[in-house]
Amino acid sequence: MDGKKQQGLREEYNADSIVALKGLEAVRKRPGMYIGSTDGRGLHHLVYEVVDNGIDEVMAGFAKKVSVYINEDGSVTVNDDGRGIPVGMNKEEGKDALEMCLTDLHAGGKFNQNAYKVAGGLHGVGVSVVNALSKHLTAIVERDGKMYRQTYHIGIPDGPVETIGVSDKTGTTITFYPDDDIFETTVFDFEVLQNRFRNQAFLNKEATILFEDKRTGRSEKFHYEGGVSEFVQYLNRSKTAIHSPPIALSGEKNGVMIDIALQYTDGYNEEIDSFVNTIYTPEGGTHLTGFRSSLTKTINDYGKENGLLKDTTFEGSDVREGLTAIISIRMPEPQFEGQTKSKLGSSIAQKAVSTFMNEKLAEYFLENPAVATQVVRKGISALEIRAAKQKLAETMRRKTAFGSSTLPGKLADCSEKDPAKCELYIVEGESAGGSAKQGRDRAFQAILPLRGKILNVEKARPDKILDSEEIRNLMIAIGGGLGTEFDLAKIRYHSIVIMTDADVDGAHIGTLLLTLFYRQMRPLIENGHVFLAMPPLYRVSKGKKEIYAYNNEEMAKAMEELGTGANVSRYKGLGEMNPTQLWETTMDPETRLMKRVEIEDAMLADQLFSILMGDDVEPRREFIIEHAHEVINLDV
């Protein structure tokens, strides 16, 4: 951005730049409409909204650094070195501009394109929503040589904006305490925020994001000069790339700024993440549609024009196998489907990205024929695997359709036929399987024992997955199929429960199952159908009295309650429990503990599965060392 344009924006971004649309009470009444939920996901969304305002200043060319602190008292402070929210009386509203931004639902410079050409926040909704959902919030603004402050309780100002000193800096500092009357939890997760800030720094190579957790002393600095290309390399750090560096395409089309980086690996899973004005769009949208259609067309065209493809044509899944890509666009006034911006709906973005890709990727292939040939050959391999997988799947369908029994012999099914009322327990080993079969409620609980560890689908060829008997048994028992053909409407149980031993082998089997569900049956997890059973670790007994304990703290309390002479038994495996004990502790809906498996951040889940289940040892080692402090019970 040149100096004249910057100067123009500085002159126009003042108290009268703020445009107001009234109303704030609705936020507290229906917070889910504005931040998606009131669980941990919604809680972290508050931080994102405030940080996004700082990133908007970076994108506008007025800031370079955003600092975020989780304070010891549980509050969060976000500071940026941008221009500072305007302060002063707004002529139209008769109210201070800072108070308007913090208390009026639709007030902000983002309604005025002279103040912001592109913006990532909720178009003026963001900071006022954070204020409405915070017990206390303090806003400090530095601009015009002064320092200003205003404080609030549940969105209501404690008093007018006050001048508290002088300053030779500019910027905004927001400190807020989330309202525990609104949120299910008010404890911020360092890793969730860390991942978000890292992504934003990749997408804004001009930005530096400092992050410190004052509860633990952990701190990070995020700044990446390589931008989205470095982002792709980071995502592929536990994978083997078939070409390096990533293909990087950057430019403008129809008023849309486009940054794309893509790199193929020797794996089989695709990871394509899309962003609009640095905001992650987990459900994609028009920009992702434009990318996918153009990618398929351009690779098909190159393959045919250069004699690499003769009697066949790639499908979209063929050219995306093993692909890691970042699609980042910036545009004024993007239209989203839903308040929390999970999917882009702007039609101009699809045409812009598609046209841009058609031109730039074709140019890249002409200039880099060796990489282009590798990409086409990767697609040919994927096409051959897809054909083999379809043939095997069809053979299996015929066998099960005409066989005497379509269900695995090891499955002890339930009598209930309504999937919504049925539970499937996937149990480690025949011993635990026997106890579970005897202890269950046969009306609605089915048991499927596993024989050892299942195939690691993260590293397996897609056409080899169905060669695994254990995976075939799981697929047939659950009933929805595998991969892109998975049909949630056909599942036979609405609760799929992973029940493994509380040791290293049990954790490994559980992770293999979660990898299978995430990579091949993802709708199960996305729709809340997968659970982890939580069997007790200890039985504390004295005479006829016994107490089951699920962690060390509960065990200590049980011993104190029963007094001297209490005996402690450590369960190393589910098979050590008799059927009655297994029912009472782990399977009885009235008393059991279960954890629903949820995906808070799909990008983070992709990375974790790649790290934990991929071929590269070093990233896995780093992950284990970083998270070693979180392990409570490790049976080696």
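With hydrogens and angles ignored, the 3.5 Å screen pairs a side-chain donor or acceptor of E252 with a backbone N or O of G255. Under a 3.5 Å cut-off, the side chain of Q263 and the backbone N or O of P245 do not form any donor-acceptor pair. With hydrogens and angles ignored, the 3.5 Å screen pairs a side-chain donor or acceptor of T170 with a backbone N or O of G82. With hydrogens and angles ignored, the 3.5 Å screen pairs a side-chain donor or acceptor of R237 with a backbone N or O of Y234. No donor-acceptor pair closer than 3.5 Å links the side chain of N131 to the backbone N or O of V127. Side-chain atoms of S346 never come within 3.5 Å of backbone atoms of I348 as a donor-acceptor pair (strictly under, hydrogens ignored). One N or O on the side chain of D189 and one on the backbone of V192 form a donor-acceptor pair closer than 3.5 Å. A donor-acceptor distance shorter than 3.5 angstrom exists from the side chain of H223 to the backbone of A207, with no hydrogens or angles considered. A side-chain donor-acceptor contact under 3.5 Å links Y264 to the backbone of V319. Side chain of N456 to backbone of E458: a donor-acceptor contact under 3.5 angstrom is found.
The minimum heavy-atom distance between K65 and L210, with the atom names listed, is CD-CD1, 3.7 Å. P523 and H529 make their closest contact through O-CD2, 4.5 Å (heavy atoms, listed as atom of the first residue, atom of the second, distance). Closest heavy-atom contact between P31 and T38: CG-CG2, 3.6 Å. The two residues A325 and L262 make their nearest non-hydrogen contact at CB-CB, 3.9 Å. Scanning all heavy atoms of the two residues, the minimum distance from T298 to A362 falls at CG2-N, 3.8 Å. Taking both residues in full, the closest heavy atoms of A349 and I329 are given as CB-CD1, 3.9 Å, listed atom of the first, atom of the second, then distance.
Note that OG of S381 is 6.5 Å distant from OH of Y268, once rounded to the nearest 0.5 Å. Rounding to the nearest 0.5 angstrom, the gap separating the OG atom in S134 from the CD1 atom in I182 is 10.0 Å. Here the CG atom belonging to N527 is positioned 12.5 Å from the CZ atom belonging to R522, to the nearest 0.5 angstrom. Between I525 atom CD1 and Y518 atom OH the span is 8.0 Å, to the nearest 0.5 Å.
For F211 and F190, the gap between ring centers is short of 6.0 Å.
Side-chain contact annotation: H287 with T281, donor-acceptor N/O pair under 3.5 Å present. Between the side chains of N300 and T313, no donor-acceptor pair of N or O atoms lies under 3.5 Å. In this model, a donor atom of one side chain and an acceptor atom of the other lie less than 3.5 Å apart for E283 and S342. In this model, a donor atom of one side chain and an acceptor atom of the other lie less than 3.5 Å apart for D259 and S250. Using modelled atom types and a 3.5 Å distance limit, the side chains of T286 and K343 yield no donor-acceptor pair. Side-chain atoms of Q200 and D52 form a donor-acceptor pair, as typed in the model, at a separation below 3.5 Å.
Between E230 and K205 there is no salt bridge, since none of the side-chain N atoms of the basic residue sits less than 4.0 Å from a carboxylate O of the acidic one. The pair R196-E191 fails the salt-bridge criterion, with no side-chain N (NZ, NE, NH1 or NH2) lying under 4.0 Å from an Asp/Glu carboxylate O. A salt bridge does not link E206 to K64: none of the charged side-chain nitrogens sits closer than 4.0 Å to a carboxylate oxygen. Look at E384 and R461 and you find no salt bridge, because none of the NZ, NE, NH1 or NH2 atoms lies under 4.0 Å from a carboxylate O.
Two residues are said to be in side-chain contact when any heavy atoms from C-beta on lie closer than 4.5 Å; F486 and I491 meet this criterion. Side-chain atoms of L235 and E271, non-hydrogen and from C-beta on, do get closer than 4.5 Å to each other. Within the 4.5 Å cutoff, no side-chain heavy atoms of T289 are placed close to those of V353. With a 4.5 Å cut-off on side-chain heavy atoms, V68 and T77 do not count as touching. Using a 4.5 Å cut-off on side-chain heavy atoms (C-beta onward), F314 and L383 make contact.
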| Are N358 and S294 close enough, and set up right, to give a side-chain hydrogen bond (donor to acceptor under 3.5 Å, both in side chains), and what steps lead you there? | CA-CA 6 Å; N358 286 341; S294 177; 2.6 Å; yes
| request: Check step by step if side chain to side chain contact (heavy atoms under 4.5 Å, CB included) holds for M331 and M257. | output: CA-CA 6 Å; M331 62 183 298; M257 300 300 298; over 6 Å; no
| message | Run R330 and N204 through side-chain hydrogen bond (donor to acceptor under 3.5 Å, both in side chains) and show every step you take. | response | CA-CA 11 Å; R330 301 185 186 192; N204 296 275; 2.9 Å; yes
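Judged by the 6.0 Å and 45° rule, R198 forms no cation-pi pair with F222.
The number of heavy atoms from other shown groups lying within 6.0 Å of NZ (K360) does not exceed 12.
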